[in-house]
Protein chains: 2
Amino acid sequence: MFRKATKGQETRERLLSIAETAVLAKGFAATSIEEVIAEAGITKSGFFYHFADKNALAHEMLQRYVVANDQVFEQTFGRAAELSDDPLQRFLIGLKLLAETMADLPNGHPGCLIASVCYQERLFDRTVLQLTADSVRKWNAYFHEHIAAIAAVYPPSEPVDLDQLSAMMSCIVDGGIIMGKTLGDTTILPQQILLFRSYIKLLFAR
Amino acid sequence: MFRKATKGQETRERLLSIAETAVLAKGFAATSIEEVIAEAGITKSGFFYHFADKNALAHEMLQRYVVANDQVFEQTFGRAAELSDDPLQRFLIGLKLLAETMADLPNGHPGCLIASVCYQERLFDRTVLQLTADSVRKWNAYFHEHIAAIAAVYPPSEPVDLDQLSAMMSCIVDGGIIMGKTLGDTTILPQQILLFRSYIKLLFAR
DNA sequence: GCCAAAACTGTACCAGCGGTACAGGCAAAT
DNA sequence: ATTTGCCTGTACCGCTGGTACAGTTTTGGC
């Protein structure tokens with residue numbers, strides 16, 4: 001039997017969601033508890049019932065973000081796996097689906113919390129930083145799996161380090177998010193993903 | 001006759017340098033004027049003699065960063081231009097030099113201020129945000145020049161949007177910086193630059 | 001419908017920060 | 001000798017992030 005989401009969990013969710021939006025817009029330090037609780041319609045004491053301190057909020061916020069991101073990847077590339085058996089086709093389809101998903105976000109990608117934390121590292125304790133590092137490593141490993149499966153079937157047209165190629169994926173995404181936000185151009189991220197896809201094609205599909 | 005750097009300019013520089021390091025580590029909001037002046041060995045009044053308010057500090061900090069970055073690019077690709085006349089070779093050499101420069105940074109790249117601002121946009125006024133957007137556009141245009149010159153001589157092995165390809169450069173760099181900082185791995189940024197170089201080679205040098 | 005746990009509210013308090021104001025001091029350039 | 005640039009010292013203020021803790025309402029399980 002699944003546990004029904006209690007009222008407390010809903011409030012937590014709301015707090016985390018509001019906080020995430022604020023953190024991506026102003027950074028962690030400038031995100032005041034005051035404004036979060038104001039928007040959530042709760043008191044300061046209520047906030048501290050849910051989170052021991054601001055760092056606890058950061059930790060749960062990140063966990064939430066990582067889980068959501070994992071789901072997007074698994075959903076996207078899972079769907080791609082249904083559409084083809086070939087590892088290369090799977091990955092190419094997955095990248096196209098991902099680009100479409102990113103293009104469909106009405107206001108563009110809201111921002112990457114890992115990048116946000118990275119540029120405010122000194123504000124967080126080791127557990128939070130560990131969480132970001134572990135997540136990045138996990139995503140790198142995830143893409144490495146896909147790419148290694150491709151390389152096993154299709155020898156690359158030029159020698160290439162598969163670890164670096166896997167890492168490139170996340171770099172492109174993070175970089176695309178930043179440029180998109182900075183220029184106010186929501187097409188940049190999906191385009192960069194498709195450009196990475198193009199590189200993969202050029203490397204393996206010849 | 002060049003103007004000798006006055007004492008005031010030196011102090012300004014010191015303040016900007018200290019502030020930049022702090023901002024890249026903790027974000028703008030968490031960087032207190034108090035700590036900056038403490039490290040600089042100056043009083044608060046001294047600080048406000050140089051900067052009208054915190055936003056003025058941010059503005060000059062960014063200008064300084066953009067100029068420094070411009071110089072790195074111009075120096076690197078300028079040196080490359082001395083070593084070859086061919087647009088493709090120039091760019092490839094430039095990318096290699098850039099990767100080496102990044103690899104030689106003792107503690108890795110300290111971070112990109114544009115990315116930092118991007119994740120704290122609400123803290124800055126329009127002039128600062130305009131400055132970041134303009135800089136990114138300028139860099140995109142700069143790389144577009146290089147790449148268009150290549151494409152004019154060497155038709156790409158696959159149709160590719162040159163604007164997107166130019167933008168990819170900055171995306172890779174920003175993404176590489178973030179992953180490098182997050183994983184504590186200073187080799188990632190130079191490797192990603194070389195991987196981008198490899199893509200350029202694959203596209204045009206066949 | 002009772003009861004215990006969950007989910008809060010209310011109040012009080014503090015240090016520190018950004019920012020202002022203003023009265024100087026000191027050294028170098030002209 | 002005087003101005004100009006570059007600061008120091010002192011005093012002050014409003015705001016807010018954050019802490020602490022006692023008390024109150026709501027909810028869900030039985």
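Lettering follows sequence order; numbering is per chain, from 1.
The side-chain heavy atoms of B:Leu189 and B:Met179, taken from C-beta on, include no pair separated by under 4.5 Å.
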Next on the checklist: One pair to check against side chain to side chain donor-acceptor pair (under 3.5 Å): A:Trp139 and A:Asp70. What are the steps and the verdict?
Outcome noted: CA-CA 8 Å; A:Trp139 292 329; A:Asp70 285 353; 2.7 Å; yes
Item to check | salt bridge (Lys or Arg N to Asp or Glu O under 4.0 Å) between A:Lys26 and A:Glu35, intermediate numbers included | outcome: CA-CA 12 Å; A:Lys26 320 194 300 179; A:Glu35 70 174 302; 2.6 Å; yes
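Each ring-ring contact (aromatic ring centres under 6.0 Å, His included) pair with one or both residues in residues 83-124 of chain A, not counting sequence neighbours, appears once here: A:Phe28-A:Phe124, A:Phe77-A:Phe91, A:Phe91-A:His146.
Among the protein residues, B:Thr31 comes within range of the sugar-phosphate backbone only, with heavy atoms under 4.0 Å from sugar or phosphate atoms but none that close to a base.
Atom CZ of A:Phe51 is separated from atom P of D:dG17 by 17 Å (rounded to the nearest Å). In this structure, B:Ile33 places its CD1 atom 5 Å from P of C:dG18, rounding to the nearest Å. Between B:Phe48 atom CZ and C:dG18 atom P there is a gap of 8 Å when expressed in whole angstrom units. A straight line from CZ of B:Phe47 to C1' of C:dT20 spans 14 Å, rounded to a whole angstrom. Distance, A:Leu123 CG to D:dG18 C1': 15 Å, rounded to whole Å. Rounding to whole angstrom units, CD1 of residue B:Ile37 and C1' of C:dG16 are separated by 13 Å. Atoms CD1 (A:Ile42) and P (D:dT26) sit 14 Å apart, rounded to a whole Å. If you measure from atom NZ of B:Lys26 to atom C1' of C:dG16, you get 13 Å, rounded to the nearest angstrom.
Put simply, A:His50 has no side-chain N or O that comes within less than 4.0 Å of OP1 or OP2 on C:dA7. When the side-chain nitrogen and oxygen atoms of B:Lys54 are compared with OP1 and OP2 of C:dG19, none of them lie within a distance under 4.0 Å. Phosphate proximity of D:dC6 to B:Thr11: absent, as no side-chain N or O sits under 4.0 Å from OP1 or OP2.
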Item to check | nucleotides 9-16 of chain D: protein proximity per nucleotide (B base, S sugar-phosphate only, - neither; heavy atom, under 4.0 Å) | outcome: BB------
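A salt bridge does not link A:Glu121 to A:Arg126: none of the charged nitrogens lies less than 4.0 Å from a carboxylate oxygen. Salt bridge B:Arg14/B:Glu39: absent, no basic N to carboxylate O contact under 4.0 Å. Under the 4.0 Å criterion applied to side-chain N and carboxylate O atoms, A:Arg12 and A:Glu60 are assigned as salt-bridge partners.
The side chain of A:Tyr49 lies closest to C:dC8 when the candidates are C:dC8, D:dC7, D:dT19.
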